[in-house]
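These numbers were taken from a predicted model, which means no experiment stands behind them. Labels below follow one simple rule: chain letters A, B, ... track the order of the sequence lines, proteins then strands, and each chain is numbered from 1.
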2 protein chains.
Amino acid sequence: MTEPLSADMFPGPGCGDRPMPFRVGDKWTGWVLRCLDAGPRRFSELRVPLHWVTPKVLTETLRAMERDGFLTRTVHDERPPRVTYELTLLGRSLIGPLDGACAWAREHAPEIAEARGAYRS
Amino acid sequence: MTEPLSADMFPGPGCGDRPMPFRVGDKWTGWVLRCLDAGPRRFSELRVPLHWVTPKVLTETLRAMERDGFLTRTVHDERPPRVTYELTLLGRSLIGPLDGACAWAREHAPEIAEARGAYRS
DNA sequence: CAGTATCCTAGGAGATACTG
DNA sequence: CAGTATCTCCTAGGATACTG
């Protein structure tokens, strides 16, 4: 059994505002990758840490990732309905570069902030 | 003396259309990084390989990179005017993750293409 | 529960033309 | 040479409400 995802797994919508010069796929793809890293999740589980993403946009993100072969969408024939999303091997292979990007950001974000502060005109 | 940049250094505008789930900064930031990798370049030099980017957009890209401390812009007091762009250490530090992203794309692009082809609905 | 259906808007990006 | 100045357009993304 995988641990439940925390509602404050990510600091907030502000994440996207930090000086992060890397982007994986669509705006929320990176966060979804993180959420699915530990195992399959259902839609409502993803909505917990990503509560600042509307269901429409989350659906779009998930569909795009499915289309590109990053994850599989499984509809379980139950009542109430249960749908789970799980990373494919291809999707997992994105984690490496994603970690690289995050490491870069963690290391260099202060320099960007400083450069922005010093920038005039 | 650095080698001149080739007009077909990049396949074409289609580059951006290939399944490339990574993005560094703005749309053309990655390409500019590549162009400046070998040494400082002037505006018109950059326009050679990036001839499918309008001057306005290229300027915007360069200004954003300058603002974030990725490159320096030097105006030489000459006639005709000469302006050169050069990567900072911070800008150079982006090359590593960029290479990682490109390696990923080179290795996995076929899988994405296949997934897209197989995707129905 | 797991989404759709609508409507709307900001700004990234491009085309075209002009200038210190 | 190294850019500006306008104008325009598109679509990713969001707000809100509803449904099988």
Side-chain angles (χ1 to χ4, degrees), chain A residues 4-5 10 12-17 20-32 35-36 40-68 71-86 121, chain B residues 4-5 12-17 19-32 35-36 40-68 71-86 121:
Chain A
L5 297 175
F10 305 114
C15 303
D17 302 338
M20 170 56 158
F22 294 98
R23 177 158 161 180
V24 186
D26 291 326
K27 190 169 184 182
W28 308 115
T29 302
W31 281 271
V32 172
C35 290
L36 294 179
R41 299 285 181 182
R42 42 201 307 188
F43 191 82
S44 51
E45 281 183 290
L46 294 173
R47 292 211 65 197
V48 174
L50 300 174
H51 49 92
W52 25 276
V53 181
T54 64
K56 176 204 157 215
V57 171
L58 182 55
T59 301
E60 285 169 355
T61 304
L62 291 167
R63 289 288 141 83
M65 293 178 71
E66 187 191 5
R67 192 180 78 104
D68 285 350
L71 53 76
T72 56
R73 176 176 180 271
T74 308
V75 182
H76 305 265
D77 196 10
E78 305 172 6
R79 277 279 130 183
R82 192 165 62 94
V83 177
T84 52
Y85 296 90
E86 181 167 18
S121 166
Chain B
L5 297 175
C15 304
D17 301 339
M20 169 55 156
F22 294 99
R23 176 160 163 181
V24 186
D26 292 326
K27 189 169 183 180
W28 307 116
T29 302
W31 280 272
V32 171
C35 291
L36 293 179
R41 300 288 182 180
R42 43 201 305 190
F43 192 81
S44 52
E45 282 184 290
L46 294 173
R47 293 210 64 196
V48 174
L50 299 173
H51 50 91
W52 24 277
V53 182
T54 65
K56 176 205 157 211
V57 172
L58 183 55
T59 300
E60 286 170 353
T61 304
L62 291 167
R63 290 289 142 83
M65 292 177 72
E66 187 193 4
R67 193 179 78 105
D68 285 350
L71 53 75
T72 57
R73 176 174 179 273
T74 308
V75 182
H76 304 265
D77 196 9
E78 303 173 5
R79 278 279 130 185
R82 192 164 62 93
V83 177
T84 51
Y85 296 90
E86 181 169 17
S121 168

Select base, sugar-phosphate, or nothing to describe what B:Arg82 touches, counting heavy atoms under 4.0 Å on all strands.
sugar-phosphate
Could you give the CG-to-P distance, from B:Asp77 to C:dG20, as a whole number of Å?
18 Å
Could you state the CG-P distance from A:Leu50 to C:dA2, rounded to the nearest angstrom?
14 Å
Would you please confirm or rule out a distance under 4.0 Å between OP1 or OP2 of C:dG3 and any side-chain N or O of A:Arg63?
yes
Name the pairing partner of C:dG20, where a pair is Watson-Crick or G-U wobble with both distances under 3.5 Å, or state none.
D:dC1
From CZ of A:Arg47 over to P of C:dC1, roughly how many Å is that when rounded to an integer?
11 Å
Once the angle between the rings of B:Phe43 and B:Tyr85 is folded into 0 to 90°, is it parallel (under 30°), tilted (30 to 60°) or perpendicular (over 60°)?
tilted
Find the distance A:His51:NE2 to D:dG14:P and express it as a whole number of Å.
14 Å
I need the CD-P distance between B:Glu60 and C:dG12, as an integer number of Å.
9 Å
Take B:Leu62 and A:Thr61, find for each the nucleotide of DNA chain D with the closest heavy atom, and name the residue whose nucleotide sits nearer the 5' end.
B:Leu62
Kindly state each residue pair satisfying salt bridge (charged side-chain N to carboxylate O under 4.0 Å, His left out) with at least one member in residues 71-80 of chain A, sequence neighbours excluded.
A:Glu78-A:Arg82
Pick the closest DNA chain C nucleotide for A:Phe43 and for B:Thr54 by heavy atoms, then say which residue is nearer the 5' end.
A:Phe43
Heavy atoms of B:Pro55 and B:Arg47 approach each other most closely as CD-NH2, 3.3 Å
For C:dC1, does either OP1 or OP2 sit under 4.0 Å from a side-chain N or O belonging to A:Ser44?
no
Considering all heavy atoms of both residues, which atom of B:Leu46 and which atom of B:Arg41 are nearest to each other, and what is their separation?
CD2-CB, 3.9 Å
Please state whether the base of C:dG12 and the side chain of B:Lys27 form at least one donor-acceptor pair under 3.5 Å?
no
Can you measure B:His76 atom NE2 to D:dG3 atom P for me and round it to whole angstrom units?
11 Å
Nearest atoms (heavy-atom pairs only) where B:Val32 meets B:Leu62
CG1-CD2, 3.9 Å
Can you tell me the distance, in whole Å, between the CH2 atom of A:Trp52 and the C1' atom of D:dG13?
14 Å
Closest heavy-atom pair, A:Leu58 versus A:Leu50, reported as atoms and distance to 0.1 Å, is CD1-CD1, 4.0 Å
Indicate, yes or no, whether a donor-acceptor pair under 3.5 Å links the base of D:dG14 to the side chain of A:Lys56.
yes
May I have the distance from A:Arg79 (atom CZ) to C:dG3 (atom C1'), rounded to whole angstrom?
12 Å
Using a 4.0 Å heavy-atom cut-off across all strands, classify B:Arg42 as base, sugar-phosphate, or nothing.
sugar-phosphate
Does B:Arg73 or A:Gly25 map to a spot on DNA chain D nearer the 5' end, using the closest nucleotide for each?
B:Arg73
Provide the Watson-Crick or G-U wobble partner of C:dA13, both distances under 3.5 Å; none if there is no partner.
D:dT8
Report yes if at least one side-chain N or O of B:Arg41 is closer than 4.0 Å to OP1 or OP2 of D:dA2; otherwise report no.
no
Please confirm whether the shortest side-chain N or O distance from A:Trp28 to OP1 or OP2 of D:dG14 is below 4.0 Å.
yes
Once you apply a heavy-atom cut-off of 4.0 Å, does A:Arg23 come out as touching a base, just sugar-phosphate, or nothing?
sugar-phosphate
